[in-house]
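Let me begin by presenting the structure, written as structure tokens, before commenting on it.
Reckoned from all heavy atoms, side chains included, excluding hydrogens, waters and symmetry mates. Read the numbers this way: they start at 1 and go in the same order the structure lists the ligands and their atoms.
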Amino acid sequence: MTERTPLIAGNWKMNLGGAKGCELAEAVARAAQAHPNVDVVVAPPSTVIAAIAQISEENGKKLEVAGQNLYPKSDGAFTGEISAPMLLEAGAKWVILGHSERRQYFAESDDFVREKVAASLAAGLRPIACVGETLEEREAGKTLEVVNRQVDAFASLLSEQPGFGVIAYEPVWAIGTGKVATPEQAQEVHAAIRARLRETLGADVAEKTRILYGGSVKASNAAELLACPDIDGALVGGASLDAEGFAKIIQAAG
Ligand code: PGA
């Protein structure tokens, strides 16, 4: 079996877009240096991507920076949008795509998420593509149907460079609610996603693609989730805004 390096990513959402974000990034960069066997990424607001990329440079480059979204064209008349080449130029190496908040509040479809994943890969920006069911879908017994549909929309794009892109499983009912999936619930879906990748794209893609869990991950529950065989890391929202708590999650992955 391929060894997959654990990846802990902090999704700051629309928080800490100024000096406070830089302060937090300094602390996270130090935590990343202390745990060289864990890949550490933060996704700050776009306004501080360049500053945090600079902080990473000054602190051993162990911390990498992600955008939280992109528009799939490289430039042009798309007011308010930001492209993959622009994120790269600012110093980002990653981008979160298809987050449930984007799907929910900005009506992003599976097809649009696929376009975004394609644009990120074409530019050489590593995608963290998010999938996950709502509470209603889970209660209707449709979790795997929904997650497979969302994964199928972009997965074939990941097979050109197995391991370059990452998938994040984030059950919508667990995001920002404090209701974390149990390790059993999370592992079941992660194993199903990996089985789907194996079935549709082959063993190499399935073994090399990291699948992160996201949804109310914090210092106190990270270790038991990360111990599951198909959970290769975490995408952390609220708890990534606190330097000490986030450092503990990085430590739990090490
Ligand atoms: P949360 O968010 O950790 O605050 O639940 C996770 C996410 O939305 O990526």
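Counting non-hydrogen atoms of neighbouring residues, nucleotides and ligands closer than 6.0 angstrom, the CD atom of Glu81 exceeds 12 such neighbours.
Regarding atom 4 (O) of ligand 1, its nearest protein heavy-atom neighbour is Gly238 N, 2.8 Å. The protein heavy-atom contact nearest to atom 3 (O) of ligand 1 is Gly237 N, 2.8 Å.
The Ala174 neighbourhood of ligand 1 comprises atoms 5 (O), with distances under 4.0 Å to a heavy atom of that residue. In the vicinity of Ser216, heavy-atom distances shorter than 4.0 Å reach the ligand 1 atoms 1 (P), 3 (O), 5 (O). Of all atoms in ligand 1, listed by their number and element, those nearer than 4.0 Å to a heavy atom of Lys13 are 2 (O), 7 (C), 8 (O). In summary, the atoms of ligand 1 found under 4.0 Å from a heavy atom of Gly176, numbered by their order in the structure, are 1 (P), 4 (O), 5 (O). Close approach to Gly215 involves these atoms of ligand 1, each under 4.0 Å from a residue heavy atom: 5 (O).
Checked against Glu108 for a salt bridge (Lys or Arg N to Asp or Glu O under 4.0 Å), the options Arg102, Arg103, Arg114 give a single hit: Arg102.
Between Gln68, Lys179, Glu101, Glu170, it is Glu170 that holds the heavy atom closest to atom 7 (C) of ligand 1.
Any N or O atom pair closer than 3.5 Å counts here, and His99 shares at least one such pair with ligand 1. Considering backbone and side-chain atoms alike, Ile175 places every N or O at 3.5 Å or more from each N or O of ligand 1.
For Ser56 (side chain) and Leu63 (main-chain N/O), a donor-acceptor pair under 3.5 Å exists by modelled atom type.
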Report all side-chain donor-acceptor pairs from residues 12-37 shorter than 3.5 Å, counting only partners two or more places apart or in another chain.
from: Lys13; atom 1: NZ; to: Glu101; atom 2: OE2; distance (Å): 2.8
from: Asn15; atom 1: ND2; to: Trp12; atom 2: O; distance (Å): 2.9
from: Gln33; atom 1: NE2; to: Asn59; atom 2: O; distance (Å): 3.3

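With respect to Arg4 and Glu207, a salt bridge is recorded, a charged nitrogen being found less than 4.0 Å from a carboxylate O.
Side-chain atoms of Gln187 and Asp230 form a donor-acceptor pair, as typed in the model, at a separation below 3.5 Å.
Residues in residues 132-177 take part in these ring-ring contact (aromatic ring centres under 6.0 Å, His included) pairs, two or more places apart or across chains: Tyr169-His190.
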